[in-house]
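For reference, the structure is listed below as structure tokens.
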Amino acid sequence: MSVRVRFAPSPTGALHIGGVRTALYNYLFARQQGGTFILRIEDTDQARYVPGAEQYIIETLKWVGLLPDEGVGFGGDKGPYRQSDRKEIYHKYAHELVQRGHAYYAFDTPEALDVRRQSEDNFTYNHLTRNGLSNSLTLPASEVESRLQAGGPFVVRLKVEPGRQIHINDLIRGDVIFQSSELDDKVLLKADGMPTYHLANIVDDHLMEITHVIRGEEWLPSTAHHVLLYEGFGWSDTMPRFSHLPLILKPVGNGKLSKRDGAKFGIPVFPLEWTGGTAEENFSGFRDTGFMPEAVINFLALLGWHPGGEQEIFTLEELVQAFSVDHISKGGARFDYEKAKWFNQKYIQAADNAVLASYIGPLAKNKGYEATEEYLQQVAGLMKERVTFLPDFVETGYYLFEPVREYDRETFQKKWTPAIAVFFNELIGLVATFDTFNALALEEAVKHFIQEKGFKPGDVLPLLRLALAGTMKGPAVFDMAAALGREETARRLRALTQLQ
RNA sequence: GGCCCGUUCGUCUAGGGGUUAGGACGCAGGAUUUUCAUUCCUGUAACACGGGUUCGAUUCCCGUACGGGCUACCA
């Protein structure tokens, strides 16, 4: 039996970075096992549905390179893969479960149940309370029939029999035991005709022949219900194996990472930028912050999993090879943005200049800079060891695209003397007429000239740097000069002499 | 409150009955680079607590504390 896993997000807004990790682990497992990775959209809550969220999910998976083999937008013969398109299927199975005696119709209104919850401390709809409530187990058959004929409103609830132990053999956590007596009779089919997560999930996983469920830890408590559902339908022998992932926690403080932490800590917690209805619902993402997708994947993979050994940098292919569910941590992992930045820096450093140029190009264009592919690659080579984010190429390194905006005055005052001023003008003459304008030749010529005139490199080089970049930080002086070219270099040297 | 899950340097983690408890990020110092960054070296710092089991527990068991999740006609 071949492995089939699914990533099943809800389109209720921007996909959380934790969701991306869940998708990643599913993807890695599928690839390693030669299996199938499926994208299923769980949009059964009409109230929380957010337009554009589905597209966001798909765009995210494309950006990070976790392409599904089947699913919404990716084809496949086990569809439809969007739960709102499968309504009739859930109806059929919900009623079937009632026929089998493992579920029942209930007519209590949400309001009535709320009242009970208010007045009774630990009220739950379960084997103890259902006999006193309005459902097909307590009402006369004729009345149940007429209510159903009238078209409701009604819900279908799972009938949990007390006195049983339910074992979940979680691949990460081992044997987890629940007492059925403590479980509530979960709603399976809502009054609006849509299924709840529990029903839709089990029916779809069964129909889509899912073999392994890898999902967040928040699902562990309801897995007992899911096991009961598989039993009720008679699907126990094909029930998937479960793996419940630890949660991603806030960088500091208590609790899991939330969308608000993005603004609070000034860090991205979403893969892509998201535009909500209000400014408060606008979020920046890893992509627009300037992360390379490979770095995000590497960072996320190691947040809650490690194969052992001392390797830190993994390509997707290496992750596929090394991945194993039993090396997933059990405890929650704190979101460490410093480490994320380190990964990005590493990936930028290691990237080909051509790859970098493909990122820098649009960034430069955005700023109104004109640059050839060849020049972009030169910039990449010059800057890649001194940037953390992709936009740094055109921001920190803006002077490679436009004239210096601001000079480090302090250094200028310290180095600029009358004697140097005279020398500097002679140097401009040399540069402006220099033939073989490459870094090596220029460096040799300039240094020779400095020595010939009785100066030290330390007297002049800082000023050259200042002329070209305005700052004391940046690439090697002569590399910059070579990239800028003779005319521009000469122009900038003259500009410095105008500074007072 | 109830039910479930967890706990190794500040953070991500490796390890596992006898180890100088390893690596990475961060931080600090140094070398290289007449800038910055990179790179390299060094340092910093951990088995939550209490009982067992055992010749010996950080590792196994039980408690406690702390953290987390769930407890909706949300997922």
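Hydrogens, waters and symmetry mates play no part in the numbers below; they use all other heavy atoms, side chains included. In what follows, chains carry the letters A, B, and so on, assigned in the order in which the sequence lines appear, proteins first and then strands, with residues in each chain numbered from 1. All of these numbers come straight from a predicted model, not from anything done at the bench.
Not a single side-chain hydrogen bond (donor to acceptor under 3.5 Å, both in side chains) links A:Asn122 to another residue, sequence neighbours left out. Take A:Arg386 and apply the side-chain hydrogen bond (donor to acceptor under 3.5 Å, both in side chains) test, not counting sequence neighbours, and it matches no residue. Applying the salt bridge (Lys or Arg N to Asp or Glu O under 4.0 Å) rule to A:Arg48 yields the partners A:Asp45; only residues at least two apart in sequence or on another chain are considered. Take A:His225 and apply the side-chain hydrogen bond (donor to acceptor under 3.5 Å, both in side chains) test, not counting sequence neighbours, and it matches A:Asp184.
Residue pairs meeting the side-chain hydrogen bond (donor to acceptor under 3.5 Å, both in side chains) criterion with at least one member in residues 387-397 of chain A: none, sequence neighbours excluded. Under the ring pair (Phe, Tyr, Trp, His ring centres under 6.0 Å) criterion, the residue pairs touching residues 151-178 of chain A are A:Tyr105-A:Phe154, with sequence neighbours excluded.
Atom NE2 of A:His306 is separated from atom C1' of B:G22 by 11 Å (rounded to the nearest Å). Protein atom CG of A:Leu249 is 12 Å distant from nucleotide atom C1' of B:U7, rounded to whole Å. Atom CD1 in A:Ile328 sits about 11 Å away from atom P in B:U13, given to the nearest Å. In this structure, A:Ile168 atom CD1 and B:C70 atom C1' are separated by 12 Å, rounded to whole Å. Atom CD in A:Glu312 sits roughly 11 Å away from atom P in B:A14 (whole-Å rounding). Rounded to whole Å, the distance from NZ on A:Lys256 to P on B:G6 is 18 Å. To the nearest angstrom, C1' of B:U13 lies 16 Å from CD1 of A:Ile172.
Using a 3.5 Å distance cut-off with no hydrogens or angles, the side chains of A:Tyr81 and A:Asp204 do not pair a donor with an acceptor.
Going from the P atom of B:C40 to that of B:A24 covers 10 Å, rounded to whole Å. Nucleotides B:G18 and B:C25 are separated by 32 Å at their C1' atoms, to the nearest Å. Here the separation of B:U44 from B:A21, taken at their P atoms, is 14 Å to the nearest Å. To the nearest whole angstrom, the two C1' atoms, one in B:U58 and one in B:A46, are 10 Å apart.
Between the CZ atom in A:Phe393 and the CG atom in A:Leu376 there is a gap of 10.5 Å [rounded to 0.5 Å].
Of the candidates A:Phe270, A:Tyr56, A:Trp274, A:Phe270 is the only one forming a ring pair (Phe, Tyr, Trp, His ring centres under 6.0 Å) with A:Phe283. A:His226 pairs in a side chain to side chain contact (heavy atoms under 4.5 Å, CB included) with only one of the listed residues (A:Glu231, A:His198, A:Met239), which is A:His198.
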Would you tabulate the pairs of protein nitrogen or oxygen atoms and nucleotide nitrogen or oxygen atoms of nucleotides 28-30 of chain B closer than 3.5 angstrom?
none

Give each protein N/O atom lying under 3.5 Å from an N/O atom of nucleotides 71-73 of chain B, with the pair distance.
from: B:C73; atom 1: OP2; to: A:Arg117; atom 2: NH2; distance (Å): 3.4
from: B:C73; atom 1: OP2; to: A:Arg157; atom 2: NH2; distance (Å): 3.3
from: B:C73; atom 1: O2; to: A:Ala191; atom 2: N; distance (Å): 2.7
from: B:C73; atom 1: N4; to: A:Asp108; atom 2: O; distance (Å): 2.6
from: B:C73; atom 1: N4; to: A:Pro110; atom 2: N; distance (Å): 3.4

Give me, pair by pair, the N or O atoms of the protein and of nucleotides 39-42 of chain B that are less than 3.5 Å apart, along with how far apart they are.
from: B:U39; atom 1: OP1; to: A:Lys346; atom 2: NZ; distance (Å): 2.6

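Across all strands, A:Pro475 comes closer than 4.0 Å to base atoms (heavy-atom distances). Within the 4.0 angstrom heavy-atom criterion, no nucleotide atom of any strand lies near A:Pro11.
Looking at A:Gln345 and A:Lys341, their side chains never come closer than 4.5 Å, going by heavy atoms from C-beta outward. By the 4.5 Å heavy-atom criterion applied to side chains, A:Gln83 and A:Met194 are not counted as neighbours.
Projected onto RNA chain B by closest heavy-atom contact, A:Glu42 and A:Pro246 fall at different nucleotides, the more 5' of which corresponds to A:Pro246.
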*Taking it one step at a time, do A:Tyr25 and A:Phe323 satisfy ring pair (Phe, Tyr, Trp, His ring centres under 6.0 Å)?*
CA-CA 8 Å; A:Tyr25 287 2; A:Phe323 190 73; 5.4 Å; yes

Contacts table for residues 245-253 of chain A: side-chain donor-acceptor under 3.5 angstrom, sequence neighbours left out:
from: A:Lys250; atom 1: NZ; to: A:Asp261; atom 2: OD1; distance (Å): 3.1
from: A:Lys250; atom 1: NZ; to: A:Asp261; atom 2: OD2; distance (Å): 3.1

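Less than 4.0 Å separates RNA chain B from at least one heavy atom of each of the following residues of residues 378-393 of chain A: A:Glu385, A:Arg386. Of the residues in residues 173-180 of chain A, A:Arg173, A:Val176, A:Ile177, A:Phe178 come within less than 4.0 Å of RNA chain B through at least one heavy atom, sorted by number.
Checked by distance alone, A:Arg48 brings a side-chain donor or acceptor within 3.5 Å of a matching partner on the base of B:C74.
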